[in-house]
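Accompanying notes for the structure given below.
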Amino acid sequence: MARLDDRSTRRDRFHKKAKKEGFLARAVYKLEEIDTKHQVLHAGDRVLDLGCAPGSWLQYARGVVGESGMLVGLDRGPLQKPPPGARIVVGDVATIAVSELLGELPAFDVVLSDMAPDTTGIRQLDQARSEVLFERALEIAMTTLAPGGNFVGKLFQGPDFKRLTEVVRSKFGAMKIAKPASSRQISIEQYVVGKGFRAERSGER
Ligand SMILES: C[S@@+](CC[C@H](N)C(=O)[O-])C[C@H]1O[C@@H](n2cnc3c(N)ncnc32)[C@H](O)[C@@H]1O
């Protein structure tokens with residue numbers, strides 16, 4: 001019972017902090033922690049955020065990339081309060097065309113994915129659905145990232161975790177696994193960070 005109280009206190013603390021600081025979700029502190037540790041975002045970057053609603057990662061990204069940066073967000077439904085200056089695409093990651101995400105841009109410098117399945121409580125099913133979302137996010141990253149670009153993707157720890165992290169390791173200069181403090185410690189969610197995309201095609205950055 002004490003542990004449950006600790007968890008809800010922590011959730012409540014991050015929720016209150018986000019509200020006070022004007023962020024749309026407490027998820028912002030996960031990206032902030034990952035970015036502070038791994039420097040995935042930089043001024044002027046072109047950023048794609050998959051599963052962007054309600055929009056706190058876009059808010060954080062804007063603060064780092066500045067006015068010269070470009071933000072594109074995808075989610076299944078429209079955002080209630082879309083962060084100013086971000087182009088929002090409504091659609092499902094499984095079927096969205098990469099050209100629709102890129103729009104006029106030749107490539108992205110950073111691809112983020114905080115996508116999570118609607119959880120059922122059946123661990124194996126939730127893991128399998130998370131793996132599908134992660135793999136699709138990685139596929140989009142490998143198609144749209146400029147050489148040297150960075151990737152962050154949420155992945156529930158499951159049977160395919162090792163295989164998927166090995167794919168990231170093979171396609172990026174460095175692969176790290178992050179478990180932010182603001183993510184519940186009992187949660188099976190992890191973030192896989194790929195830095196320095198090794199593009200096999202000719203692109204620009
Ligand atoms: C944890 S929330 C993201 C929170 C966001 N990072 C923020 O800071 O506001 C996960 C999002 O993934 C989206 N999502 C899940 N499956 C998706 C899919 N197949 N296509 C697009 N978005 C999806 C959900 O609609 C949800 O808004």
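Numbering of ligands and ligand atoms starts at 1, following listing order.
- Using cut-offs of 30° and 60° for the angle between ring planes, the Phe14 and Tyr29 rings count as tilted.
- The backbone and the side chain of Ser56 each have at least one atom closer than 4.0 Å to an atom of ligand 1 (non-hydrogen atoms only).
- Between Phe134 and Phe151, the ring planes are perpendicular. Angles over 60° get that label, and only those under 30° would be called parallel.
- With hydrophobic clusters built from ILVMFWY side chains whose heavy atoms lie under 4.5 angstrom apart, Val132 does not share a cluster with Val98.
- For Glu189 and Lys30, the salt-bridge test passes: some basic side-chain N is under 4.0 Å from an acidic carboxylate O.
- A salt bridge links Asp118 with Arg76: at least one charged nitrogen is closer than 4.0 Å to a carboxylate oxygen.
- Not close to ligand 1: Ala94, with no non-hydrogen atom less than 4.0 angstrom away.
- The single protein non-hydrogen atom nearest to atom 19 (N) of ligand 1 is Asp92 OD1, 3.0 Å, given as residue, atom name and distance.
- Considering only non-hydrogen atoms, atom 22 (N) of ligand 1 lies nearest to Arg76 out of Arg136, Glu189, Arg76.
- Looking at Val89, Val132, Leu133, Val93, it is Val93 that brings a heavy atom closest to atom 20 (N) of ligand 1.
- Listed by number with element, the atoms of ligand 1 under 4.0 Å from a non-hydrogen atom of Gly55 are 7 (C), 9 (O).
- With respect to Asp126 and Arg129, no salt bridge is recorded, no charged nitrogen being found less than 4.0 Å from a carboxylate O.
- The shell of residues lying under 4.0 angstrom from ligand 1, judged by heavy atoms, includes Asp75.
- In this structure, Gly77 falls outside the shell of residues with a heavy atom less than 4.0 angstrom from ligand 1.
- Each of the following atoms of ligand 1 lies closer than 4.0 Å to a heavy atom of Ala27: 8 (O).
- In this structure, the side chains of Asp109 and Asn150 stay at 4.5 Å or more apart for every pair of heavy atoms.
- At least one side-chain heavy atom of Val47 sits under 4.5 Å from a side-chain heavy atom of Val65.
- With atom 2 (S) of ligand 1 as the reference point, the heavy atom nearest to it among Ala61, Ala53, Ala116 is part of Ala53.
- The nearest heavy-atom contact from the protein to atom 10 (C) of ligand 1 is Asp114 O, 3.4 Å.
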